[in-house]
Trainee: 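I'd like to ask you about the structure that follows.
Because the structure is a prediction, the values reported are computed rather than measured. Residue numbers start at 1 and run along the sequence shown. Just the heavy atoms: all of them, side chains too, but no hydrogens, waters or symmetry mates, feed the values below.
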Amino acid sequence: MKRIKIITLLVITSLTGYAQSERSNELFAKGVELYYQERYAEAIPFFEECDSLDVLEMDTTSVRVSYTSCWLSSCWYKIGDVQKAKKWSSTDYDSQPIDRRLTIEEDSLMDQALAALDRDDNATANKLLEQCIELDKQIAPFVCSHKIFMILYNTIALSNLNRTTEAIETLDLLYKVCQQSFSADNPLTNETLKMKAQMLWGTGQLDEAGETLGNLMEHLRSTGQEGSSDYLWALEQGVQLAFQMGDAEAVHEGGGILLEETERQCGATSERYINQMGTVANMLSIMGDSTCMDVGQTFCTIVRNHNGMESLPYFNACALMVEWAGKMLRTDIMKDYLHQLMVLSPKMEPDHPENAHLFSMVLAMCYLKEDADSAAIYVEKGMEGLRSCGITDGPYYHMGNFFSGLIAGIHDDYGQAVALMAPSIDVIAPFTKDSVSLLQNKLFLSYFYTMNGDYSKGKNLGLETIESLRKLLSSPSMGGRSRGAM
């Protein structure tokens, strides 16, 4: 089962730095005193100075550093400035803050539990978190983010211990508690749904994960959070889940919405938008969606404008575009980007000068159907380049020979075609990803044998290849079925 790591909540806290300085404790005590006297404006300077001291004097990853910000957030909320309140704490501004003087033991157990989770010791983490939850009932009987996070972390431990049903039931309960206890747009409500979707996905319950992501999207829309980071996260997860489930229509529609929202939130030149565009184009190409061409070319243009023509990111983008165009059989687009790769390769891959010549031979295949003469020129150029690099054998060189043989056959020079293709086809076979293409090429060789007068070899290779092709096309991996299953 896929292990769930702490990726959407708080960072792992430190095991050190629990005790604040004497001055910090004095300021905190005075702020709390004024707070309970409802003198919130007067309490704020004390909490602000206390917070500054804690940040300077303590490990900033310690959970105890955040307590003062919760009191500041509550002060501003009580005064009526919700925006300033949310700036200090987006989760606790409208809830009762916790007195840190009562939580030293609890915080120590909490950090030990999170460290145990991080090293995948889920049994220890669960035990420590259960202790934290019991202690917290005595310290803070009211609902607050501190308590919610404890329970959320415990659901991770429970799930990783294969107690997924118990963990999901706990998350469902937490969702209702958050809705009843916090404002509608409190991030903790979102967090419970995010965690549930991840948990369901991680345990292979894809339909249920999709339904939970849908519930999260609906909650975000109904609470005015469509422009939030959680909304963007939900869109990303939804498209990835649709891709995993093979839902081409959902990937097409969701991918477009995702790119629009990523551009709106992050900007058209942001790394996140650029990477997202490449990811969506790749998904579309794998699913056979021709719109990957438009998305891919826009991706390449943005990468070029952002990084420059002679940059490794643009070189890699061109290589991806050739792959995507190949899947769509768009040789016109392949040609454009292969020409660019041939120019860029010596600069981007100086340790592999042979690659530029390999691109030349792939380019030859793009010309093969419509312009055999141009194809011959690019094959020979590639072969000469390989020889200049000291490569006169191996799969790359034999691939060039094979292409040359195909071109010779197209020009009715069947003897030359057989002489070049026959010794090469077995060498390149292990390196051919597409077995259908390999068998197709064997049929060409069978035809050239026959046309060259070697009827026996032509017939035997042809029958053997047709049988292999029949078995391949009827295999489950190709979506077919054998005669026995009909």
Trainee: Side chains of Leu341 and Val362: closer than 4.5 Å at any heavy-atom pair?
Mentor: no
Trainee: Here's a test for you: under side chain to side chain donor-acceptor pair (under 3.5 Å), which of Thr170, Asn122, Asn126 qualifies with Asn154?
Mentor: Asn126
Trainee: Between Glu260 and Arg264, is there a side-chain N and carboxylate O pair less than 4.0 Å apart?
Mentor: no
Trainee: Indicate the atoms forming the closest heavy-atom contact of Glu261 with Leu232, along with that distance.
Mentor: CG-CD1, 4.0 Å
Trainee: Surrounding CD of Glu253 (heavy atoms of other residues, nucleotides or ligands, distance under 6.0 Å), is the total greater than 12?
Mentor: no
Trainee: Working to the nearest 0.5 Å, report the span between SG of Cys300 and CD1 of Ile274.
Mentor: 11.5 Å
Trainee: Mark yes when over 12 heavy atoms from residues, nucleotides or ligands other than Lys335 sit less than 6.0 Å from its NZ; otherwise mark no.
Mentor: yes
Trainee: Within a strict 4.5 Å, meaning less than it, do heavy atoms of the Gln276 and Glu236 side chains meet?
Mentor: yes
Trainee: Is there a side-chain contact between His357 and Tyr396 in this structure, where contact means two heavy atoms from C-beta onward sitting under 4.5 Å apart?
Mentor: no
Trainee: Can you give me every donor-acceptor pair (side chain of residues 46-53, partner residue at least two apart or in another chain, under 3.5 Å) with its distance?
Mentor:
unit_1 : atom_1 : unit_2 : atom_2 : d
Glu49  : OE2    : Arg23  : NH2    : 3.4
Ser52  : OG     : Glu48  : O      : 3.1

Trainee: Could you tell me the separation between the CE atom of Met110 and the CD atom of Gln131, rounded to the nearest 0.5 Å?
Mentor: 13.5 Å
Trainee: Can a donor-acceptor pair be found, under 3.5 Å and without considering hydrogens, that links the side chain of Ser90 to the backbone of Lys86?
Mentor: no
Trainee: Donor-acceptor pairs under 3.5 angstrom involving side-chain atoms of residues 281-290: please list them, not counting sequence neighbours.
Mentor:
unit_1 : atom_1 : unit_2 : atom_2 : d
Asn282 : OD1    : Trp324 : NE1    : 3.0
Ser285 : OG     : Asn282 : O      : 2.8
Asp289 : OD1    : Thr291 : N      : 2.9
Asp289 : OD1    : Thr291 : OG1    : 2.6
Asp289 : OD2    : His252 : ND1    : 2.7

Trainee: Distance from Glu349 atom CD to Leu344 atom CG, nearest 0.5 Å?
Mentor: 9.5 Å
Trainee: Between Ser228 and Tyr231 (side chain of the first, backbone of the second, donor and acceptor by atom type, cut-off under 3.5 Å), is there such a pair?
Mentor: yes
Trainee: In residues 237-249, what donor-acceptor pairs under 3.5 Å come from side-chain atoms, sequence neighbours left out?
Mentor:
unit_1 : atom_1 : unit_2 : atom_2 : d
Gln244 : OE1    : Trp201 : NE1    : 2.8
Asp247 : OD1    : Glu249 : N      : 3.4
Asp247 : OD1    : Ala250 : N      : 3.1

Trainee: Does a sphere of radius 6.0 Å around CD in Glu226 hold more than 12 heavy atoms from other residues, nucleotides or ligands, not counting ones at 6.0 Å or beyond?
Mentor: yes
Trainee: Determine the minimum heavy-atom distance between Ala41 and Pro45, stating which atoms define it.
Mentor: O-CD, 3.3 Å
Trainee: Ignoring hydrogens and angles, state whether a donor on the side chain of Thr212 or Glu208 is under 3.5 Å from an acceptor on the partner side chain.
Mentor: no
Trainee: What are the two closest heavy atoms between Ala123 and Leu161, and how far apart are they?
Mentor: N-CD2, 3.9 Å
Trainee: Stepwise, does the side-chain contact (heavy atoms from CB on, under 4.5 Å) test hold for Met195 with Leu174?
Mentor: CA-CA 11 Å; Met195 184 68 72; Leu174 273 182; over 6 Å; no
Trainee: What I'd like to find out is whether the side chain of Glu134 reaches to under 4.5 Å of the side chain of Glu130, using heavy atoms alone.
Mentor: no
Trainee: To the nearest 0.5 angstrom, please state how far the CG atom of Asn355 sits from the CZ atom of Phe359.
Mentor: 5.5 Å
Trainee: Quick check on side chain to side chain contact (heavy atoms under 4.5 Å, CB included): which of Thr192, Asn190, Leu193 does Cys178 satisfy it with?
Mentor: Thr192
Trainee: Might you point out which heavy atoms bring Pro97 and Ser74 nearest each other, and give the distance in Å?
Mentor: CD-OG, 3.9 Å
Trainee: With heavy-atom distances below 4.5 Å as the criterion, would you say the side chains of Leu188 and Phe149 are in contact?
Mentor: yes
Trainee: So do the side chains of Trp88 and Thr68 get within less than 4.5 Å of each other, counting heavy atoms only?
Mentor: no
Trainee: Could you walk me through whether Met321 and Phe299 pass side-chain contact (heavy atoms from CB on, under 4.5 Å), step by step?
Mentor: CA-CA 9 Å; Met321 196 64 220; Phe299 165 70; over 6 Å; no
Trainee: Return the OG to CD1 distance between Ser66 and Ile98, rounded to the nearest 0.5 Å.
Mentor: 9.0 Å
Trainee: May I ask you to check whether Asp230 and Gln225 show a side-chain donor-acceptor distance below 3.5 Å?
Mentor: no
Trainee: Check the pair Met348 / Asn316 against side-chain contact (heavy atoms from CB on, under 4.5 Å), numbers first and verdict last.
Mentor: CA-CA 9 Å; Met348 298 297 109; Asn316 291 334; over 6 Å; no
Trainee: Any non-hydrogen side-chain atom of Glu33 less than 4.5 Å from a side-chain atom of Arg39?
Mentor: no
Trainee: Can a donor-acceptor pair be found, under 3.5 Å and without considering hydrogens, that links the side chain of Ser108 to the backbone of Glu105?
Mentor: no
Trainee: Distance-only, no hydrogens or angles: does the Ser21 side chain make a donor-acceptor pair with backbone N or O of Ser24 under 3.5 Å?
Mentor: yes
Trainee: From Asp136 CG over to Leu109 CG, what is the distance, rounded to the nearest 0.5 angstrom?
Mentor: 11.5 Å
Trainee: For side-chain contact (heavy atoms from CB on, under 4.5 Å), just list the numbers for Gln265 and Tyr273, CA-CA rounded to whole Å, side-chain angles, deciding distance to a tenth of an Å, and then say yes or no.
Mentor: CA-CA 9 Å; Gln265 287 198 29; Tyr273 176 66; over 6 Å; no
Trainee: Using the side chain to side chain contact (heavy atoms under 4.5 Å, CB included) definition, which of the options Val295, Thr301, Ile302 pairs with Thr298?
Mentor: Ile302
Trainee: Can you find a pair of side-chain heavy atoms, one from Asp54 and one from Arg100, that are under 4.5 Å apart?
Mentor: yes
Trainee: For Asn160, run the side chain to side chain contact (heavy atoms under 4.5 Å, CB included) check against Ile156, Leu158, Thr164 and tell me which one passes.
Mentor: Ile156
Trainee: Could you check whether atom NZ of Lys127 has more than 12 heavy atoms from other residues, nucleotides or ligands sitting under 6.0 Å from it?
Mentor: no
Trainee: If you look at every heavy atom in Ser159 and Ala167, which pair is closest and at what distance?
Mentor: N-CB, 4.1 Å
Trainee: Restricting to non-hydrogen atoms, name the atom on Ile428 and the atom on Pro395 that form the minimum distance, rounded to 0.1 Å.
Mentor: CG2-O, 3.6 Å
